[in-house]
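Notes follow once the structure below has been shown.
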Amino acid sequence: MSLSELDDDIIRSMSIGAVFSDYVGKITSLDFHRTDDFLITGSEDDSVRLYDIANAKLLKTTYHKTHGIDRVCYTHHPSALICSSKYNFESTGESLRYLSMYDNRCLRFFKGHKERVISISMSPINDCFMSGSLDHTARMWDLRVNVCQGIMHLRGRPTVAYDQQGLVFAAAMEGGAIKLFDSRSYDKGPFDTFFVGGDTAEVCDIKFSYDGKLMLLTTTHNNIYVLDAYGGEKLYAFSVESSTGSNIEATLTPDGQYVLSGSGDGTLQAWNINMGREVANWDSHIGVAACLKWAPRRAMFVAASTVLTFWIPNDDAEGNPPMTTNISPSS
């Protein structure tokens, strides 16, 4: 199905097509490759898993017991990723790693952050990436060298994201402030600053729409905002039920028409942002889905808790959901 065909009826028809239930602990992060049909996940069982999303197939699992797995972010290569460490980084400084899924090898360590990394964003146009940490710094890196290329000291919880063209990046800090930087001259300071009016909660996730016109924010108070990425105006605001112990992730469809989010009550919700209304509310069947992303090139999304689910349009004229497959462990 073409992504240009998305409408309210198709969004409402989304249902579970496959389930991967062999995780031990929560899935903490997931990411799609930008141009190939691959998905990676990181979880509390210290595993990284690679999936073929076109065929709903687990391709490979690797374990990383020494440093653990927290956040994962795809690089440009379909078998390579950046991940943040969960253990030992305070003493070794090895807070970020560049991993090859092809041969289960660490290609490079990146030292610098003193506390947990909560945000990673890869530039879509070159080998640069950014990380934000609870040590109140955002750092710029290059995959080709292990030395930090730049550092910004920010108040609060620094969450970072490149736009889809790689020309601009956003950094969130305390008080609901979002600062925009030119990625080629960030050392000159932000060229614009937005404030999410009336909400001083810290931003825990930032996503740009594919056309660069919208910015999606999720806060630690489980509020979701859609902003005009050029002027910072708040276009829409949605709220979901709070979740104890985890933040909720929201996602935009590639056409920028819909926002989807998990909720603390175990449901998934979708809103048509052109109309400013809710169009769907599903039982996730997996509890609170803290990880949620729409695939860049397909009419599908994934939602995860301790279980990973693939959601696709239901073409059954009878209205029955597609067959759900419980996937057994694989190496």
Side-chain angles (χ1 to χ4, degrees), residues 27-31 33 40-50 62-162 166 169-174 179 181 183-190 202-206:
I27 298 166
T28 56
S29 182
L30 51 82
D31 197 23
H33 193 269
I40 51 170
T41 66
S43 76
E44 289 180 335
D45 60 10
D46 300 327
S47 71
V48 174
R49 306 188 190 206
L50 173 65
T62 62
Y63 288 92
H64 307 267
K65 297 297 184 181
T66 301
H67 292 88
I69 296 292
D70 197 351
R71 308 296 300 174
V72 294
C73 177
Y74 245 126
T75 65
H76 301 297
H77 194 283
S79 295
L81 66 140
I82 308 155
C83 69
S84 61
S85 300
K86 192 164 58 174
Y87 317 124
N88 302 322
F89 61 86
E90 298 96 337
S91 57
T92 65
E94 296 168 346
S95 54
L96 293 159
R97 288 163 289 146
Y98 179 21
L99 300 180
S100 168
M101 289 291 287
Y102 176 74
D103 51 8
N104 192 23
R105 186 162 57 97
C106 181
L107 303 175
R108 186 162 285 115
F109 283 101
F110 301 96
K111 297 184 178 182
H113 286 302
K114 304 302 182 184
E115 294 190 43
R116 179 183 166 220
V117 172
I118 55 172
S119 180
I120 308 173
S121 183
M122 184 78 204
S123 168
I125 59 173
N126 55 36
D127 287 330
C128 296
F129 71 97
M130 297 184 64
S131 58
S133 166
L134 293 177
D135 64 11
H136 309 299
T137 67
R139 292 177 180 258
M140 293 72 180
W141 310 89
D142 189 311
L143 289 174
R144 297 164 292 186
V145 294
N146 57 7
V147 178
C148 178
Q149 302 296 293
I151 181 170
M152 297 190 300
H153 295 273
L154 304 172
R155 300 185 308 276
R157 175 194 176 100
T159 302
V160 294
Y162 282 99
F169 69 80
M173 57 196 70
E174 68 180 9
K179 294 185 180 293
F181 297 81
S183 59
R184 297 157 297 185
S185 56
Y186 63 86
D187 54 325
K188 296 180 180 178
E202 292 184 299
V203 173
C204 55
D205 189 43
I206 305 172

H113/T137 under side-chain contact (heavy atoms from CB on, under 4.5 Å): CA gap, chis, key distance, verdict: CA-CA 8 Å; H113 286 302; T137 67; 3.2 Å; yes
Backbone N/O of E44 and side chain of T28: donor-acceptor pair under 3.5 Å: no
Aromatic plane relationship, F129 with W141 - under 30° parallel, 30 to 60° tilted, over 60° perpendicular: parallel
Which residues share a salt bridge (charged side-chain N to carboxylate O under 4.0 Å, His left out) with R116, sequence neighbours left out: D70
F169 and Y162 aromatic ring geometry - parallel, tilted or perpendicular at 30°/60° bounds: perpendicular
Within-4.5 Å side-chain heavy-atom neighbours: H64 and K86: no
Polar side-chain atom of S133 near backbone of E115 as donor-acceptor pair, under 3.5 Å: yes
All side chain to side chain contact (heavy atoms under 4.5 Å, CB included) counterparts of D103, not counting sequence neighbours: S100, R105
4.5 Å side-chain heavy-atom contact, N146 and K111: no
Please table the atom pairs, donor to acceptor, closer than 3.5 Å between any side-chain atom in residues 152-161 and protein atoms at least two apart or in another chain.
residue	atom	partner	partner atom	Å
R155	NE	E174	OE2	3.1
T159	OG1	V203	O	2.9

Partners meeting side chain to side chain contact (heavy atoms under 4.5 Å, CB included) with N126 (sequence neighbours left out): S123, C128
Of all pairs that satisfy salt bridge (charged side-chain N to carboxylate O under 4.0 Å, His left out), the ones with a partner from residues 74-84, not counting sequence neighbours: none
For R144, all residues meeting salt bridge (charged side-chain N to carboxylate O under 4.0 Å, His left out), sequence neighbours excluded: D127, D142
Ring centre gap for H77 and Y102 strictly below 6.0 Å: no
